[in-house]
Every structure is written in structure tokens, then in C-alpha cells.
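Nothing fancy with the numbering, it's 1 onward along the sequence.
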Amino acid sequence: MTVQQRRIFLLSPASCGGKRAALLFNDRAEFDIAVRVRNQPGAPLGDVFSFLSGLYFRGKLTYAREFTNPPPRKAPGIQIITPTDGLYSPGSLITLKDLERFATVAIDAEDSRYSYPLERDATKIAERIGPKCEVVLLGSVASGKYVDVLLPIFGKRLVFPREFIGHGDMARGGMLLQRAASGKELTYMPVANPARLGANASKRVRAEVAARYEAMA
């Protein structure tokens with residue numbers, strides 16, 4: 001009998017500024033998610049970010065729900081990265097006050113208002129899931145905004161879809177929805193692997209990532 005790989009998902013956040021967010025802050029907006037997010041107890045974070053981001057976040061959430069396989073009673077299978085509050089479950093209820101707070105902080109590994117809560121929550125999860133559970137990052141791996149915070153915590157357990165390389169957000173969103181519908185999971189590679197940078201990365205950046213990868217061997 002084949003033992004299925006244990007796997008949890010971390011989803012990058014949607015932008016909490018811009019035109020889509022402005023629709024939620026419009027007091028006259030009467031569509032469901034706008035009404036719910038401006039009243040107590042709020043609306044589920046997964047639904048709000050799906051509205052803000054559209055296809056990409058909806059694809060990430062749908063895919064994660066299809067393929068998550070967390071260790072029993074150890075940790076939730078899906079967590080969403082927030083700009084200020086670390087990791088939330090998709091069902092966590094948020095209001096406009098939360099969105100206002102999220103919008104004040106950039107996703108920057110050098111900003112402790114973002115990185116400290118994420119480090120805190122990720123460290124707790126790393127301790128609970130054990131050394132054999134993969135952590136799939138559905139988000140950008142080309143920069144350090146997620147990787148620099150999460151990689152030191154999860155090490156080679158942190159993986160991402162190989163098929164993401166060379167594709168933009170819209171293409172990734174469509175790919176994720178297709179795979180969720182077909183039941184055919186993507187293939188994963190360690191975030192520490194310098195191949196994640198794609199063909200356009202400089203030699204210096206490749207060398208730096210390769211050194212970190214070798215240090216984990």
C-alpha cells in the first residue's frame with residue numbers, strides 16, 4: 001500500500017489596495033462580499049482575497065483544497081499569508097478594519113511588521129508537522145519576499161510547483177484550476193533549488209541561491 005505524501009499549503013496574499021479593494025470600501029456597495037466584510041462578524045479571508053485577486057487567488061485556494069493532506073491533528077492544511085498578522089486559515093473572518101491594516105504594510109522580508117508575525121506562525125507549524133511533511137508555497141519564489149522568511153524555517157520541506165516557472169499570475173491561476181478539476185497534481189521542487197529562478201536570473205543571484213541550497217544538503 002502506497003503511503004500518500006503529507007502536504008500542507010501556504011498561499012500568498014492578494015493585494016489589499018487598488019480598484020478591487022476600493023469596491024469593498026464603498027458604503028453603497030450591495031454585493032454579498034462587500035456587505036459581509038463591512039459588518040460583524042465579517043467575511044472569510046479566502047473569499048475576500050478571491051474577490052480582490054480574481055483568477056490567481058481563486059486558483060490557489062481551489063487547488064490547495066483539492067490536494068491538501070496535512071498530518072492528522074497536527075496542523076491545518078491551508079494557511080494564507082497576511083501582510084501584518086502572520087498566517088490565517090481561509091475561513092478566518094475579517095472586516096474592513098483588517099483590510100485597512102493589511103494595506104498599511106508592504107510584503108517585504110525586511111519589514112518586521114510583516115516578517116515577524118509570519119516567522120512566529122510558520123515556526124509553530126514547522127514544529128507541529130514534523131520533518132517529512134511538505135510545505136507547498138503557492139506564491140512568488142523569484143524574489144525574497146516569501147522565500148527569505150520561510151526557507152530558513154522549513155528548509156527543504158518548502159517546495160513550489162515546477163510548472164510555475166516562466167508563467168505569470170493569470171496563467172498560473174488557470175493552470176491551478178485546471179489541475180484541481182482534473183485531480184492531477186502539479187510536480188514540486190524545493191524552493192532552495194536555484195532552478196526556481198528561471199532563465200533570466202543573473203549569475204550572482206544563481207550563485208547565492210546555489211550556495212544556500214548546498215548548505216542544506
Apply side-chain contact (heavy atoms from CB on, under 4.5 Å) to Thr82 and Leu45, showing your working.
CA-CA 10 Å; Thr82 69; Leu45 178 63; 4.1 Å; yes
Where do Phe160 and Met189 land on the side-chain contact (heavy atoms from CB on, under 4.5 Å) test, with the steps shown first?
CA-CA 6 Å; Phe160 79 105; Met189 62 185 292; 3.3 Å; yes
For Tyr188 and Leu158: C-alpha separation, side-chain torsions, deciding distance, then whether side-chain contact (heavy atoms from CB on, under 4.5 Å) applies.
CA-CA 9 Å; Tyr188 304 115; Leu158 188 67; over 6 Å; no
Applying side-chain contact (heavy atoms from CB on, under 4.5 Å), run through Ile153 and Ile125 and close with a yes or a no.
CA-CA 10 Å; Ile153 297 170; Ile125 287 177; over 6 Å; no
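Distance alone, capped at 3.5 Å, is enough to place a donor-acceptor pair between the Arg20 side chain and the Phe51 backbone. A donor-acceptor pair is defined here as one N or O able to donate and one able to accept, closer than 3.5 Å; such a pair exists between the side chain of Asp121 and the backbone of Leu87. Asn69 contributes a side-chain N or O that, together with a main-chain N or O of Gln5, makes up a donor-acceptor pair within less than 3.5 Å. A donor-acceptor distance shorter than 3.5 angstrom exists from the side chain of Thr104 to the backbone of Arg101, with no hydrogens or angles considered. In this structure, Thr68 contributes its side chain and Arg65 its backbone to no donor-acceptor pair below 3.5 Å. Using modelled atom types, one side-chain atom of Arg172 and one backbone atom of His167 make a donor-acceptor pair closer than 3.5 Å. A side-chain donor-acceptor contact under 3.5 Å links Arg6 to the backbone of Pro70. Using a distance-only test at 3.5 Å, with no hydrogens or angles considered, a donor-acceptor pair links the side chain of Asp98 to the main chain of Thr95. In terms of modelled atom types and a separation under 3.5 Å, the side chain of Arg157 and the main chain of Gly130 share a donor-acceptor contact.
Residues Ile81 and Leu137 meet the side-chain proximity criterion, which asks for heavy atoms closer than 4.5 Å. By the 4.5 Å heavy-atom criterion applied to side chains, Val48 and Leu24 are counted as neighbours. Between Phe102 and Phe49 the shortest side-chain heavy-atom distance falls below 4.5 Å. Counting heavy atoms from C-beta on, the side chains of Val136 and Arg7 come closer than 4.5 Å. The shortest distance between side-chain heavy atoms of Thr84 and Pro117 does not fall below 4.5 Å. Two residues are said to be in side-chain contact when any heavy atoms from C-beta on lie closer than 4.5 Å; Pro13 and Tyr146 meet this criterion. Contact annotation: the side chain of Leu23 approaches that of Phe31 to within less than 4.5 Å [non-hydrogen atoms, C-beta and beyond]. Proximity of Cys133 to Pro71: side-chain heavy atoms (C-beta onward) are separated by under 4.5 Å at one or more points.
Remark: Leu176 CG to Glu163 CD distance equals 9.5 Å, nearest 0.5 Å. Note that OG of Ser182 is 8.5 Å distant from CD of Glu66, once rounded to the nearest 0.5 Å. To the nearest 0.5 angstrom, Leu61 atom CG is 13.0 Å from Tyr56 atom OH. The CD1 atom of Ile107 sits 5.0 Å away from atom OH of Tyr114, with the distance rounded to the nearest 0.5 Å.
Each of Val159, Ile129, Val191 was compared with Val135 under the side-chain contact (heavy atoms from CB on, under 4.5 Å) criterion, and only Ile129 meets it.
Geometric assessment of Lys60 against the ring of Tyr63 yields a negative cation-pi assignment under the 6.0 Å and 45° thresholds.
More than 12 heavy atoms of other residues, nucleotides or ligands shown are found within 6.0 angstrom of CZ on Phe25.
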